[in-house]
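Some notes on the structure that comes next.
Naming: A, B, ... by sequence-line order, numbering from 1 per chain. Side-chain atoms are counted along with the backbone in the values below, which use heavy atoms only and exclude waters and symmetry mates. Predicted, not measured: the structure shown is a model, and the values here were computed from it.
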2 protein chains.
Amino acid sequence: MTEVTLKEVARAAGCSVATVSRVLGGTRPVGPEIALRVKEAAERLGYRPNQVARALRSRSTGTIGLVLPQITNPFFPSLVREVEHALHAEGRALLLADCDDDPATEAARITALLDRQVDALLVIPVDETHSRDAVTAAAARVPLVLLDRGCGTGTADLVATDNASGMALVLEHLAAVGRRRVCYVGAGGRDTAAVERLAAYRAGAGALDPEAPGRVELGDFSWEWGRAAADRILPFRPDAVVCANDLIAIGVLQRLRQLGVDAPGEIGVTGFDDVPMVGLVDPALTTVRQPVRELAAEAAQLLAGRLNGQRDAPRRSVRLAPELVVRASSAPPRAASARQAASTRPPEEDQ
Amino acid sequence: MTEVTLKEVARAAGCSVATVSRVLGGTRPVGPEIALRVKEAAERLGYRPNQVARALRSRSTGTIGLVLPQITNPFFPSLVREVEHALHAEGRALLLADCDDDPATEAARITALLDRQVDALLVIPVDETHSRDAVTAAAARVPLVLLDRGCGTGTADLVATDNASGMALVLEHLAAVGRRRVCYVGAGGRDTAAVERLAAYRAGAGALDPEAPGRVELGDFSWEWGRAAADRILPFRPDAVVCANDLIAIGVLQRLRQLGVDAPGEIGVTGFDDVPMVGLVDPALTTVRQPVRELAAEAAQLLAGRLNGQRDAPRRSVRLAPELVVRASSAPPRAASARQAASTRPPEEDQ
DNA sequence: TTGAGGCGGGAAATCGTTCTCCCGTAAACT
DNA sequence: AGTTTACGGGAGAACGATTTCCCGCCTCAA
């Protein structure tokens with residue numbers, strides 16, 4: 001009554017375990033009358049194959065490890081959700097590991113997952129440089145796809161948002177609504193999200209104003225930093241603040257409001273990620289939406305490919321284009337000329 | 001070079017696999033010189049025990065399944081984080097399953113995890129009634145702890161916040177700041193969070209105002225509903241709105257501001273959960289903080305107990321007391337008498 | 001009629017552990 | 001001295017599936 005095994009099904013169906021395995025797995029043709037008896041017996045006994053035994057024999061657990069910096073970072077839950085759905089749709093399961101933003105914990109989690117014989121790993125690295133050793137070591141043992149963030153170059157497959165083009169979209173948009181005196185509130189972390197967005201800002205802001213690439217304040221990805229940064233960028237007298245993610249942008253907006261600065265009338269603000277909570281700030285935040293579902297789907301597909309023999313295909317690096325979501329926080333400034341305002345679509349209403 | 005097994009370590013150390021297993025597992029005393037040779041060989045070869053084989057033999061995977069309604073619900077990430085840390089600290093791993101708020105998916109995920117031979121399950125049920133069958137069936141096969149939400153009575157162990165006392169704290173507090181004309185914006189879902197909070201409101205609100213228990217609007221746990229509900233409760237002319245969770249409260253606050261209603265001057269608002277984003281609304285939200293870490297720790301400990309033989313101990317139901325966090329959104333109303341205001345601690349500053 | 005080939009089915013090896021026997025030898029007791 | 005423990009160690013049976021052989025039978029062609 002405890003656990004129905006192949007052997008018991010075999011006895012009930014009056015045949016050998018090999019035959020039962022073949023019927024249930026469809027591995028080899030089996031005579032129709034025996035096949036029926038087997039299926040019936042399995043059904044009647046409520047047989048469920050033991051995945052552990054199956055894994056031991058076939059050297060595949062059907063399990064994928066996901067290692068991420070901090071599940072409490074509001075960008076990750078939706079990504080985790082999509083990954084979970086993509087994997088379960090293929091009959092795989094997800095082992096989740098949270099690193100607390102600490103590279104040492106990350107390394108420990110990775111080896112723990114490898115010990116559990118995961119078929120593959122999805123890793124969102126904590127730190128571009130400090131994560132590298134653990135990631136490359138792991139990539140030598142199982143297929144490994146870096147997700148959302150890179151980690152050195154060429155160490156593993158990568159599926160991430162194209163941060164550079166996202167930032168370019170933001171800068172183009174700001175130019176279109178007539179903002180020139182932009183500045184940047186970013187994160188000083190060594191993860192690629194922080195690094196690439198900053199680099200893209202520096203590369204693109206010069207087109208708006210030669211001084212703009214220099215007007216940069218770096219902290220972390222929190223709204224507390226956004227609040228603090230607001231005070232530090234005011235001396236620049238900017239007409240737009242480009243933020244490295246939504247949390248920072250929200251903090252900036254809050255502090256500006258507190259200081260009585262009109263946004264977007266006086267200063268426009270943009271974010272990055274389009275996390276759910278941008279829907280509740282006022283003014284609604286213009287931001288760059290990461291293609292979360294597509295990231296997850298692409299990563300899952302890449303993994304599936306690696307697991308089906310394409311183990312030694314060349315490393316792939318997939319960049320998915322993000323989408324600019326224009327909302328109220330970057331509406332044309334009060335002082336904008338009529339020409340510019342007319343040539344621009346009005347920001348969409350707060351959803 | 002692919003995978004170091006016990007057999008290879010045994011050969012390198014010049015002894016049998018049984019001995020190696022005993023040395024590494026500490027199962028039985030082994031002669032000191034052989035023990036040293038074994039440890040050295042294992043170290044040198046970089047031996048890592050295959051957890052799958054170990055699981056098959058010892059009938060324990062060291063793996064725990066966590067089944068939750070929606071990881072994108074902002075209350076869950078911190079809970080998941082604490083659970084993950086608690087489990088990894090004991091050398092276990094976490095299989096995560098997201099149900100999309102759908103009982104059918106929930107049932108499928110549960111059986112998928114059981115097929116994977118999880119040692120135990122943590123379940124945050126989607127629906128008090130529709131989740132019941134799957135949960136009781138699963139509880140018959142492995143230790144199962146319901147987390148944060150119940151599911152019928154007596155079907156499994158339970159670790160949750162004491163919603164009733166949390167709601168009581170809110171009502172007491174509102175009384176203390178001199179608010180009487182309260183109403184409730186809740187969720188009509190069949191999960192216990194919704195049900196218990198509503199019941200506690202109905203039970204306690206009568207002490208403030210005989211009419212209060214009747215002033216109830218039910219929707220779901222979203223801030224969209226909070227916005228909509230704000231319009232529906234205004235005809236009550238309340239001086240306080242008690243919300244079933246923080247998202248609803250945030251929506252209510254937003255809509256009130258939009259309508260030009262002064263909060264907390266005219267209407268006080270309270271939430272429930274203390275999710276991170278309450279830090280960024282204005283006025284800062286008075287809410288009930290769930291003891292997330294303690295919930296996770298208690299659940300992990302309960303599981304550990306069940307896994308160490310106390311399989312048949314009587315079902316436990318642990319309720320942890322939440323804590324009222326007083327912030328600006330429930331400050332005494334403008335019209336409050338000096339007597340009441342004086343007898344009340346001023347709301348703490350926005351953190 | 002007979003040998004080759006296909007096909008349905010079973011026996012048993014295998015995956016990498018853990019754990020139960022069992023066997024020697026040395027120490028301790030009668 | 002003889003018998004019993006105690007103990008260190010090995011051989012091998014599980015665990016529950018998959019998979020490789022191999023065998024008997026039936027069919028078809030020579």
Ignoring hydrogens and angles, answer whether the base of C:dT17 and the side-chain atoms of B:Arg54 contain a donor-acceptor pair closer than 3.5 Å.
no
Report task. Kindly indicate whether the side chain of A:Arg57 and the base of D:dT18 share any N or O donor-acceptor pair separated by less than 3.5 Å? Result -> yes
**Asked** Do A:Arg316 and A:Asp157 meet the salt-bridge criterion of a basic N to acidic O distance under 4.0 Å?
**Response** no
- Message: Whether A:Arg109 and B:Glu84 form a salt bridge (side-chain N of Lys/Arg under 4.0 Å from carboxylate O of Asp/Glu) is what I want to check.
- Response: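 Between A:Arg109 and B:Glu84 there is a salt bridge, with a charged N closer than 4.0 Å to a carboxylate O.
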Which residue is it: A:Leu113, A:Leu114, A:Ile64, A:Asp119? I am looking for the one with a side-chain contact (heavy atoms from CB on, under 4.5 Å) to A:Val142.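 Of A:Leu113, A:Leu114, A:Ile64, A:Asp119, side-chain contact (heavy atoms from CB on, under 4.5 Å) with A:Val142 is met by A:Leu114 alone.
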Next on the checklist: With side-chain contact (heavy atoms from CB on, under 4.5 Å) as the test, pick out the partner of A:Leu302 among A:Leu158, A:Leu122, A:Leu307, A:Val159.
Outcome noted: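 That would be A:Val159; it is the only one of A:Leu158, A:Leu122, A:Leu307, A:Val159 passing the side-chain contact (heavy atoms from CB on, under 4.5 Å) with A:Leu302.
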Send over the distance from [X] [atom1] to [N] [atom2], rounded to a whole Å.
X        : N      : atom1 : atom2 : value
A:Arg37  : C:dG10 : CZ    : C1'   : 14 Å
B:Asn50  : C:dT18 : CG    : C1'   : 13 Å
B:Arg11  : C:dG16 : CZ    : P     : 13 Å
B:Arg116 : D:dG16 : CZ    : P     : 18 Å
A:Gln117 : C:dC15 : CD    : C1'   : 11 Å
B:Leu6   : C:dT17 : CG    : P     : 4 Å
B:Asp115 : D:dA17 : CG    : C1'   : 14 Å
A:Leu56  : D:dA17 : CG    : P     : 12 Å

**Asked** Under 4.0 Å: is that the gap between some side-chain N or O of B:Ser16 and OP1 or OP2 of D:dG10?
**Response** yes
- Message: Does D:dG10 have OP1 or OP2 under 4.0 Å away from a side-chain N or O of B:Thr19?
- Response: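 Affirmative; the distance criterion is met.
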Residue set satisfying salt bridge (charged side-chain N to carboxylate O under 4.0 Å, His left out) with A:Asp100, at least two apart, ordered chain then number -> B:Arg81
Picking from C:dG9, C:dA11, D:dG10, the nucleotide nearest the side-chain atoms of B:Cys15 would be D:dG10
Please determine, for the side chain of A:Tyr47, which listed nucleotide (D:dA17, C:dG16, C:dA12) has the closest atom?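 Side chain of A:Tyr47 sits closest to D:dA17.
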Minimal heavy-atom distance between A:Cys99 and A:Val126, with the atoms involved, is CB-CG2, 4.0 Å
Closest heavy-atom pair and its distance - A:Thr5, A:Tyr47: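 Nearest pair, atom of A:Thr5 first, then A:Tyr47: C-CE1, 3.7 Å.
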For DNA chain C, the residues among residues 20-30 of chain A that have a non-hydrogen atom under 4.0 Å from it: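 A:Arg22, A:Arg28, A:Pro29, A:Val30, in order of number.
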Between B:Ala35 and B:Arg59, just flag the one whose closest nucleotide in DNA chain D comes earlier from the 5' side.
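It is B:Ala35 whose nearest nucleotide is closer to the 5' end.
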Ranking B:Pro32 and B:Ala53 by the position along DNA chain D of their nearest nucleotide, the one closer to 5' is B:Pro32
